[in-house]
Amino acid sequence: MRWTQTFIPTLKETPADAEIVSHKLMLRAGLVRKLTGGLYTFLPLGLRVLRKVEQIVREEMDRAGAIEVFMPALQPPEIWQQSGRYVTAREVLYKVKDRANKEWLLGPTHEEVITTLVAGEISSYRQLPRNFYQIQTKFRDEIRPRFGLMRAKEFIMKDAYSFDITDAAAQVSYQKMYDAYTRIFARCGLRTLPVEADTGVIGGKFSHEFMVPAETGENEVVYCESGSYAANLEKATSRGPLEPTPTHSTGPAPEKFPTPGVLTIEALSAPPYGVAAPAQIKTLVLMVKRSEEAESEPVLVLLRGDDQLNEAKFAGALGTNVFRPATPEEVFAVLGAHPGSLGAVAATLKTPDLRVLADGALRGAAGMTTGANEDGFHLRHVDLDRDVRVTDWADLRTVRAGERGPVNGQPLKLRRAIEVGHVFKLGTKYSEALHALYLDEVGHQHPCVMGCYGIGITRTVQAIIEQCNDRDGIVWPLTTAPFAVCLTPLNVAPDHPAFGLAQTWHDELTARGVEVLLDDRDERPGVKFKDADLIGFPLRVNLGEKSLARGEVELKPRREGLRAVKVEQALSAILEWLDTESRRLAEGVCQPGNSALHDRSAAG
RNA sequence: CGGAGCGUAGCUCAGCUUGGUAGAGCGCCAGCUUUGGGAGCUGGAUGUCGCAGGUUCAAAUCCUGUCGCUCCGACCA
């Protein structure tokens, strides 16, 4: 390909609406252009990268035995009503109407469609297992699209759905996808960290997210250096807070004492009270909706004073994710006091059958201090077991860095990350709702056990840029670069030897299957060098008069120094470099332990 | 949806406080010079100042409304 024959609008200056480095570089390198918030046009270079990631995904999905299909993006609302998600997912659903005023949905995902297909086509255990996948545009009415392709209204996703006869078989399908994902991201040149993920209200422990460590990520992951534990913060557990919870009773009964104006844990831990945060009980009031029709009902949540509620864990413990903090008015109605003076001591409760969820870190807690449900007063000498009627115990706290990991007690670390893939064991939720049933050997009917597996293709493209860049621009891994080689003749006069040579090599390399871009622009060398570095071609070859006079050209790998080679050896040197580089990447694929934890230093 | 900020040339931005002929740099076009890390000089083209109202002799500037974008939060199969 010749530079002047394609369209590569690079920018010297950063567009004002880009915030993170990958977004800036995508725009500056001419990979994409914004149509409007959350909607982007892929320009030729961006499209080439996109196709490369798609191809890697396709090859690994095929290798893992998945079957490619292509489903409609436009979907009938009926199947969403059948699965129940017409209501639960309503906030992300784009709805359109046809001329007969019938409503249609733009698919944010395809569980309903694939399950409907399987329901009609598969009826025997002999036809299972099956894993169908597609690469397709998804539509989600994101409340706040941001960071370019990271969170968009329309994006490309690879989604796969497995159907098995038993739970055990579904686990095998799950593991195949997990392994395929590990290979996919390694081949893309991404260092990812698979973490245990929240399974939400569906429950179960089979969900992993593939995370790209990056300060700009929207997720937080918890991990330990030994690699024995890694989880999304929403899911992460530990052996508990570092500071122990007091367990020695300090008095025979709770004692009320005045605390005028004290509304926070901090205020109560300061003089003159001096009650350490771990010796306080934090009381939260949440309004929970058990079903669409039900009224919100209050639930008390007890945490240690220095802990934060983990809402995902709370949702899991409750079996619903429809809840919100109570308003001060609701709080007063329930407890007779305002936030700052709340507590769960049974004797102070107006409603004895109020549901009380307590975090495990409070087990056996004694000599604690908490609100008295009377504005301006607290209670001390509170013993959990003696004074509080806890309905349910659960792990509800958010893990903090430094705590001991659940697996081998190693200290936990926290860092931000971008989610690029998610594997999830679904169970029978959709197969039951949409009747994807099979007959077993003895003629009994069962719902298929399902799994779903997503990769954000467009997000992966940007994640690669976020991880592989330097001061001068993008540093593409060879496997996902828009072109492997950029030939840069410094003179493009038709009869100039540099240009002639570049054209010959371009044709020669192209014939050998190498993806070459010939920079045939009549620009000064500085412009060409800057653009090539900005876009980040793995290898640049400079053909200039000075070195040609010595019978040489220059090989400039994007992340290595300049190297002069004799003209007659140049082609084989280029091919050899590409060969070495692709072997180097392939080795990375074979070592999935290529720890994503140790960032930057090993980056491009 | 709550909070904050921004909409002026293709891009980055100044001008707005204190109303009075629409600006700079880059890019673009032409010419000359230059030619190994975003060249120099000369000349040129380019704007309903996001949109709609209002105030005023006069609005990019002040007021009201509205739309869009960005960030923080809430939300997020």
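First the proteins, then the strands, lettered A, B, ... as listed; each starts at 1. Computed from heavy atoms alone, side chains included, the values below leave out hydrogens, waters and symmetry copies.
- Ring centroid separation for the pair A:F323 and A:F314 comes in under the 6.0 Å cut-off.
- Across all strands shown, A:E311 has heavy atoms under 4.0 Å from sugar-phosphate atoms exclusively, and none from any base.
- Among the atoms of the strands shown, none is found under 4.0 Å from any heavy atom of A:R324.
- Side-chain atoms of A:R2 and A:Q503 include a donor-acceptor pair closer than 3.5 Å.
- The aromatic rings of A:F210 and A:F185 lie tilted to each other, with the angle between the two planes from 30° to 60°.
- Here A:E545 lies in heavy-atom contact (under 4.0 Å) with a base.
- Here the P atom of nucleotide B:C72 and the CZ atom of A:R151 are 12 Å apart, to the nearest Å.
- When both distances must be under 3.5 Å, the Watson-Crick or G-U wobble mate of B:G36 does not exist.
- Contacts of A:N491 with the nucleic acid, taken as non-hydrogen atoms under 4.0 Å apart, are absent.
- Nucleotide B:G7 forms a pair with B:C67, judged by Watson-Crick or G-U wobble geometry with both contacts under 3.5 Å.
- Side chain of A:T36, nearest nucleotide from B:G68, B:G36, B:U34: B:G68.
- Side-chain atoms of A:I143 lie closest to B:A74 of the nucleotides B:A74, B:G36, B:G38.
- Backbone-only engagement by A:F147 is indicated by non-hydrogen atom pairs under 4.0 Å involving sugar-phosphate atoms exclusively.
- Counting any heavy atom pair closer than 4.0 Å across all strands shown, A:R85 reaches sugar-phosphate atoms only and no base atom.
- Using a 4.0 Å heavy-atom cutoff across all strands shown, A:T14 reaches sugar-phosphate atoms only and no base atom.
- When heavy atoms are screened at a 4.0 angstrom cut-off, A:G544 is found touching base atoms of the nucleic acid.
- Of the possible donor and acceptor atoms, one in the side chain of A:W476 sits under 3.5 Å from a partner among the backbone N and O of A:I535.
- Summarising the geometry, the separation between CG on A:L27 and P on B:G27 is reported as 20 Å, rounded to the nearest angstrom.
- Counting non-hydrogen atoms under 4.0 angstrom, A:R33 reaches nothing in the nucleic acid.
- Counting to the nearest Å, the P atom of B:G38 and the CG atom of A:D519 are 15 Å from each other.
- The distance from atom CG of A:N542 to atom P of B:G36 is 12 Å, rounded to the nearest whole Å.
- Between A:D167 and A:K425 there is a salt bridge, with a side-chain nitrogen of the basic residue lying less than 4.0 Å from a carboxylate oxygen of the acidic one.
- Heavy atoms of A:K528 sit nowhere under 4.0 angstrom from any nucleic acid atom.
- You'll find a donor-acceptor pair under 3.5 Å spanning the side chain of A:R540 and the base of B:G37, going by distance alone.
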